[in-house]
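Beneath this line is the structure, given in structure tokens, with notes to follow.
Order of the sequence lines sets the chain letters (A, B, ...), proteins ahead of strands, with each chain counted from 1. Reckoned from all heavy atoms, side chains included, excluding hydrogens, waters and symmetry mates. It should be emphasised that the depicted structure is a prediction, and the values quoted were computed from it without experimental measurement.
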Number of protein chains: 2
Amino acid sequence: MAARYEQIAAELRDEILTGVHPVGSQLPSEAELAARYSAARGTVRQAVGILAAEGLVGSRQGARRIVLGGERSQSFAELHSFAQWARSQGHVVGGEVLGQRRRKAGPAESAKLGTAEVLEVLRLRTLEGEPVLLERTVYASWIAPAVEGLPRDCESVTQALYDGVGLVFAYGEHLIDAVSASSEDARLLGVRRGSPLLRQRRITTTQEGRPVEWSDDRYRAGSVAFSIRNSIGANPLARLAL
Amino acid sequence: MAARYEQIAAELRDEILTGVHPVGSQLPSEAELAARYSAARGTVRQAVGILAAEGLVGSRQGARRIVLGGERSQSFAELHSFAQWARSQGHVVGGEVLGQRRRKAGPAESAKLGTAEVLEVLRLRTLEGEPVLLERTVYASWIAPAVEGLPRDCESVTQALYDGVGLVFAYGEHLIDAVSASSEDARLLGVRRGSPLLRQRRITTTQEGRPVEWSDDRYRAGSVAFSIRNSIGANPLARLAL
DNA sequence: GATGATTTGTACGTATGTATT
DNA sequence: GAATACATACGTACAAATCAT
């Protein structure tokens, strides 16, 4: 069961997002909230402290808290699953496997994934039918059979692996930078060679720290951006379609 | 004067960084610390809460706190201050103001910053003498005088504004994507026109939610990447030089 | 502008729940 | 199971900043 202050934070967050407390308005005072929830002032302070760390409300000594900002992002799953993110944003997501083969792991791959053999997959993902993302993913050999068993147009690989073999991604490292489109990139994404792409390289592991995949994802410029909201307390991050 | 819990946090942080509490060791219990500093347990909890948010110590219910990291992960400051990040990584950072003028705010700027007039600043930043970043920043009018008073080659604007007028950045939103270099971008960064740049657009606010600046930062491809490590709980993020 | 009420920030102390050792 | 230690929650008091009169 969630702690009392978490419940209060959740209720207030919901009230903010549903417009009960519009952006720019004042939040009820700590005393009022304490009375409303039959809680001590300290408990209410813990709750609003969460919202402040999320950047949802601002705090100034002596003045009532002000509602600052709009929506909040559910950072983790979003960054690992293109399909889950896209669907939650109301986009029509598509995709297809363009190539798939087993091969020996290179030294760098072997070090990252801890296996001697890997499964290399090339996928093209679309939003509203437009190609936006080219994924070059290398899977560890122990998960390869499950991946090979997926349909070529599987929408959400993350979801399918969870449903199929109960695999849960729990941790990831991401590197985000910009690169020029190679000839192959350009042809598949429908852009000119040398045009800018947003690249996300990521390695994903299970809860126990076992590496699952290593991927080089390239987004067509102007299609997707990464959104990060950070305060001193917390760092939500998310994808964003342009 | 700093609050008592901030003093305690500072002392503990110093003891950790100087090796009094080595990495992997246990921190004294809350009760011990309360006795040592003649403070209430709640005050000690506020102090160690800061260290936990910084990633310096870990917390588990029932177990003593463990000292985690050597260095402080200041993921927040890092993403807002190029100079603070670069220096913490041992880079030689330089920079210069190329242009600066006051002008009327456009509708989008006015909505973002909440002022009718803005101060527009164009800065070129270097690492080891090489130009890597072009900053186009728009400041709210109330902070403009302080910014205009800075030297043209000021290394850390964030630091200077803190020292000068006590301004603390507390919250930010960032959009990261890739764009083609414009003619001006290309000339100033020393790359070909149309070559890929990593763009970071950010808006920064004070603790009270008052907008301070809106910036369009463009990094030369291959010079800097954004690094994100995310688990289900926390999302530290940082810049990374390539 | 000054005063007093309001509101948040800091600090104390106590009690109980829950996970670890 | 017992002892320890962190997590949650309550209540009180005063300081500091803000706001309304």
Between [atom2] of [N] and [atom1] of [X], the distance in whole Å:
X	N	atom1	atom2	result
A/Ile8	D/dT8	CD1	C1'	12 Å
A/Ile66	D/dC19	CD1	P	8 Å
A/Arg45	D/dA13	CZ	C1'	14 Å
B/Arg4	D/dA15	CZ	P	17 Å
A/Gln46	C/dT8	CD	P	16 Å
B/Leu33	C/dC12	CG	P	13 Å
A/Tyr5	C/dT16	OH	P	21 Å
A/Gln7	D/dT8	CD	C1'	12 Å

At their closest point, which heavy atom of A/Glu117 faces which heavy atom of A/Ser141, and how far apart are they?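 Answer, listing the atom of A/Glu117 first, then A/Ser141: O-CB, 3.3 Å.
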If you pin B/Ala3 and A/Gln61 to their nearest nucleotides in DNA chain C, which one's is more 5'?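 Residue closer to the 5' terminus by nearest nucleotide: A/Gln61.
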Among [options], which residue satisfies the side-chain contact (heavy atoms from CB on, under 4.5 Å) criterion with [X]?
X	options	value
B/Val57	B/Ile66, B/Ile50, B/Leu51	B/Leu51
B/Arg123	B/Leu98, B/Val157, B/Leu133	B/Val157
B/Phe82	B/Asp217, B/Thr158, B/Val132	B/Val132

Look at the side-chain N and O atoms of [X] and state whether any lies under 4.0 Å from the OP1 or OP2 oxygen of [N].
X	N	value
B/Arg41	D/dA9	no
A/Arg65	C/dG9	yes
A/Arg64	C/dT6	no
B/Thr43	C/dT10	no

For B/Arg60 and for A/Ala2, locate the closest nucleotide of DNA chain D by heavy-atom distance; then report the residue assigned to the nucleotide nearer the 5' terminus.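 Its nearest nucleotide lies further toward 5', so the answer is B/Arg60.
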Of all the nucleotides listed (C/dG13, D/dC19, C/dT7), which has the minimum atom distance to the side chain of B/Ala40?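 Closest nucleotide to the B/Ala40 side chain: C/dG13.
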Looking at the side chain of A/Ala63, which of D/dC10, D/dC19, D/dA9 is the nearest nucleotide?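 Minimum distance to the A/Ala63 side chain belongs to D/dC19.
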Within 45° cone of B/Trp214 ring axis and under 6.0 Å: B/Arg136 NZ or CZ: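 No.
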When all nucleic acid strands are considered with a 4.0 Å heavy-atom cut-off, which category describes A/Ala39: base, sugar-phosphate, or nothing?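 A/Ala39: backbone/sugar contact only, no base atoms under 4.0 Å.
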